[in-house]
Amino acid sequence: MAPSVPFWPLPLLLFVPLLFIWKRKLHDKRRRSKNLPPGPPRLPFIGNLHQLGAIPHYSLWQLSKKYGPVMFLKLGRVPSVVISSAEAAKEVLKTHDLYTCSRPFSASTQKLSYNYLDVGFSPYGDYWRKMRKICVLELFSAKRVQSFQFVREEEVASLIDSITKSASTATPVNLSEKCMALTANITCRAAFGRSFQERGFAHERFHEVIREGMALLGCLSAAEFFPYVGWIVDKITNLHGRLERTFQELDGFYRKVIDDHVEKGRDESGQEDIVDVLLELERSPPDFGIADAAFRFSRDHIKAILMNIFLGGVDTGAITLIWAMTELIRHPTVMRKAQEEIRTCMGDKTKVTESDIDKLGYLKMVLKETLRLHPLGQLVRETMSKFSINGYVIEPKTLIQVNVFAIGRDPKVWRNPEEFIPERFIDNQYDFNGQSYEFLPFGAGRRSCPGMAMGLALVELALANLLFCFDWKLPCNMKKEDVNMDEAPGIVTGKKEALLLLPVKYPHACM
């Protein structure tokens with residue numbers, strides 16, 4: 001006689017799916033009662049984290065096509081709203097800017113910013129407003145940007161000289177590496193008075209620290225998604241060990257730079273760099289008002305601002321240059337048109353200077369189209385007050401992600417949005433000023449990028465000279481279809497593979 005089968009598993013097997021359906025209906029009922037935006041169904045505990053791929057902004061773009069331009073997700077315990085249209089972005093960044101202009105907490109940003117003494121990651125409030133005002137007036141003003149023109153022109157000339165040597169031997173150049181070294185040297189000279197090599201920083205280690213710092217800034221710890229248990233994951237991944245090592249290395253670098261300035265005083269040439277300005281603020285603190293009478297502008301304030309400049313300035317300019325040259329090598333007609341404009345405009349000149357840039361309208365369109373297709377990153381904020389958008393209620397302490405990548409590919413705004421067509425900017429007024437919500441490479445509202453003018457000056461000058469001084473070819477019989485366009489994950493969206501190109505010297509150019 002066969003053994004009898006227990007009866008209890010059958011009801012259990014029926015109960016589990018019924019329980020799941022009941023929880024799903026309960027979730028939908030709660031969503032409707034709170035009037036939250038639509039969004040994909042989520043799993044217990046992890047929420048929607050499983051739906052974010054290696055490139056989150058791409059995954060969010062695909063999800064927004066189904067759930068709309070205002071979409072609700074739950075990332076572990078963190079409520080998040082993703083904005084994927086120009087109209088919704090305008091609501092967030094203009095109409096409700098005051099309610100959405102804070103930053104989410106992160107162990108990494110807290111550590112690297114010296115407990116939020118910086119401008120980029122500190123929460124919204126009186127301290128942030130006054131620190132941003134100092135940075136805008138003292139560090140990133142038009143006069144300050146202009147004062148570093150000679151640095152940009154010298155470093156671009158050095159870049160062209162190094163590429164010329166490769167061109168003379170028909171050797172391909174790693175343009176990704178060259179652009180990174182260029183922006184690193186310009187950032188270091190403007191901020192610290194000397195290039196990173198002169199500061200005694202090894203080339204390879206310098207870029208490793210930058211990459212690690214940027215990776216950590218874009219990293220939320222598991223403990224922030226999963227309270228009580230997330231620390232186990234952080235311990236396994238050694239997140240805090242990585243963070244501490246990177247902080248100590250960066251802190252030592254800042255300290256050495258500051259000590260050198262204090263010991264040696266201002267450069268003999270009289271040229272004032274950003275550390276000089278910050279040390280002067282330490283000696284003569286800015287007036288923060290009666291309420292801030294106890295405030296003292298300290299060395300940690302200086303280091304926190306240097307972190308913003310150092311980590312924010314090196315990667316972003318290099319990545320924009322790399323994407324621009326990548327798109328141009330894949331679109332030779334566009335490259336030729338840009339080169340013809342520059343070479344015609346230059347006449348008998350042997351290099352492009354900053355005074356020439358305003359004459360190069362097509363070059364500026366190439367740069368805009370590059371930033372439309374390859375924005376540097378997404379705009380991340382945290383809400384401070386309850387408000388509504390498109391009829392949906394957004395609660396305080398909600399993570400807001402404005403998906404600039406999705407907005408730049410919206411077919412309702414852009415004709416053939418996946419194609420690289422600089423001419424599309426002839427017929428519209430979209431600009432970098434944060435007033436065109438269809439085009440937000442530098443953000444908008446209170447949290448827009450204060451270093452925009454300095455970054456654009458660098459990229460425009462470098463790109464103009466790369467196109468003026470050389471013709472460019474793909475090496476090793478590669479075809480334009482072979483160029484890898486994969487993105488690297490991170491807080492700044494760079495190209496995954498290095499860009500290798502073969503330079504051919506343009507005879508008339510000689511820097």
Side-chain angles (χ1 to χ4, degrees), residues 152 156 159-160 163 173 175-176 178-179 182-183 316-346 349 351-376 404-405 407-409 413-433 436 438-442 449 452-474 480 483 485 487 492-495 499 501 503-504 506 509:
R152 292 187 290 271
V156 169
L159 168 71
I160 297 301
I163 296 175
V173 297
L175 208 54
S176 297
K178 295 283 187 185
C179 290
L182 170 73
T183 56
T316 52
I319 286 171
T320 301
L321 278 170
I322 294 160
W323 279 124
M325 290 300 295
T326 301
E327 290 290 1
L328 288 170
I329 202 67
R330 295 174 68 244
H331 299 86
T333 302
V334 176
M335 181 180 282
R336 283 194 296 271
K337 186 172 179 179
Q339 288 173 320
E340 287 171 5
E341 176 192 62
I342 297 167
R343 291 168 182 175
T344 300
C345 184
M346 292 304 99
K349 296 180 70 172
K351 64 179 178 180
V352 183
T353 62
E354 290 196 1
S355 61
D356 302 313
I357 297 297
D358 283 340
K359 307 170 191 173
L360 306 177
Y362 192 69
L363 179 85
K364 290 178 178 289
M365 287 188 276
V366 166
L367 186 55
K368 285 183 179 181
E369 182 70 343
T370 299
L371 288 168
R372 179 188 72 83
L373 277 174
H374 306 284
L376 292 167
V404 183
F405 179 89
I407 294 172
R409 284 167 166 74
V413 176
W414 307 101
R415 178 176 55 87
N416 301 322
E418 295 294 310
E419 297 182 21
F420 186 78
I421 309 172
E423 288 81 2
R424 71 174 78 246
F425 284 94
I426 294 174
D427 300 323
N428 64 54
Q429 299 301 310
Y430 301 148
D431 209 343
F432 300 117
N433 55 17
S436 306
E438 301 82 356
F439 182 62
L440 294 166
F442 296 99
C449 176
M452 178 185 71
M454 192 169 289
L456 283 175
L458 184 163
V459 173
E460 288 173 342
L461 181 68
L463 183 59
N465 278 288
L466 287 172
L467 296 177
F468 175 59
C469 296
F470 305 98
D471 293 318
W472 295 92
K473 297 180 180 180
L474 286 166
K480 61 182 182 180
V483 178
M485 298 297 289
E487 297 176 342
V492 178
T493 310
K495 189 173 178 296
L499 180 63
L501 295 180
V504 179
Y506 176 59

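Keep in mind that what you see is a predicted model, and the values were worked out from it rather than measured. Below, each value reflects all heavy atoms present in this structure, side chains not excepted, and no hydrogens, waters or symmetry copies.
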#### Entry: Check against side-chain contact (heavy atoms from CB on, under 4.5 Å), L367 and T320
CA-CA 8 Å; L367 186 55; T320 301; 3.6 Å; yes
### Query
Taking C-beta and beyond as the side chain, do L363 and I342 meet within less than 4.5 Å on heavy atoms?
yes
### Query
Got I163 and L175 here, is their nearest side-chain heavy-atom distance under 4.5 Å?
yes
If you measure from [atom1] on [X] to [atom2] on [Y], what distance do you get to the nearest 0.5 Å?
X    : Y    : atom1 : atom2 : result
H374 : I322 : NE2   : CD1   : 12.0 Å
K359 : E341 : NZ    : CD    : 11.5 Å
K480 : L474 : NZ    : CG    : 10.0 Å
K495 : T326 : NZ    : OG1   : 5.0 Å
W472 : L466 : CH2   : CG    : 5.5 Å
I357 : K364 : CD1   : NZ    : 6.5 Å

### Message
The criterion is salt bridge (charged side-chain N to carboxylate O under 4.0 Å, His left out); which residues satisfy it with K368, sequence neighbours excluded?
### Response
D431
Side chain to side chain contact (heavy atoms under 4.5 Å, CB included) partners for [X], two or more places apart:
X    : value
E418 : W61, R409
K337 : Y362, E423
T316 : L376, V492
C449 : F442

### Task
Kindly determine whether L373 and E419 satisfy side-chain contact (heavy atoms from CB on, under 4.5 Å), including the steps that lead there.
CA-CA 9 Å; L373 277 174; E419 297 182 21; over 6 Å; no
On a heavy-atom basis, which atom in [X] and which in [Y] lie closest, and how many Å separate them?
X    : Y    : result
R424 : N428 : O-ND2, 2.8 Å
A464 : L360 : CB-CD1, 4.2 Å
F432 : L371 : CE2-CD1, 3.6 Å
V404 : P375 : CG1-CB, 3.8 Å
R372 : G408 : NH1-O, 2.6 Å
E369 : I421 : OE2-N, 2.7 Å

### Task
Decide side-chain contact (heavy atoms from CB on, under 4.5 Å) for L463 and L328; before the verdict, give the C-alpha distance in whole Å, the side-chain angles of both, and the deciding distance to 0.1 Å.
CA-CA 11 Å; L463 183 59; L328 288 170; 4.3 Å; yes
### Task
For ring-ring contact (aromatic ring centres under 6.0 Å, His included), just list the numbers for W414 and F420, CA-CA rounded to whole Å, side-chain angles, deciding distance to a tenth of an Å, and then say yes or no.
CA-CA 11 Å; W414 307 101; F420 186 78; over 10 Å; no
### Task
Assess whether side-chain contact (heavy atoms from CB on, under 4.5 Å) is satisfied between L159 and N465, documenting all intermediate values.
CA-CA 10 Å; L159 168 71; N465 278 288; over 6 Å; no
### Task
Just grab all the salt bridge (Lys or Arg N to Asp or Glu O under 4.0 Å) pairs involving residues 319-335, residues at least two apart or on different chains.
E327-R330
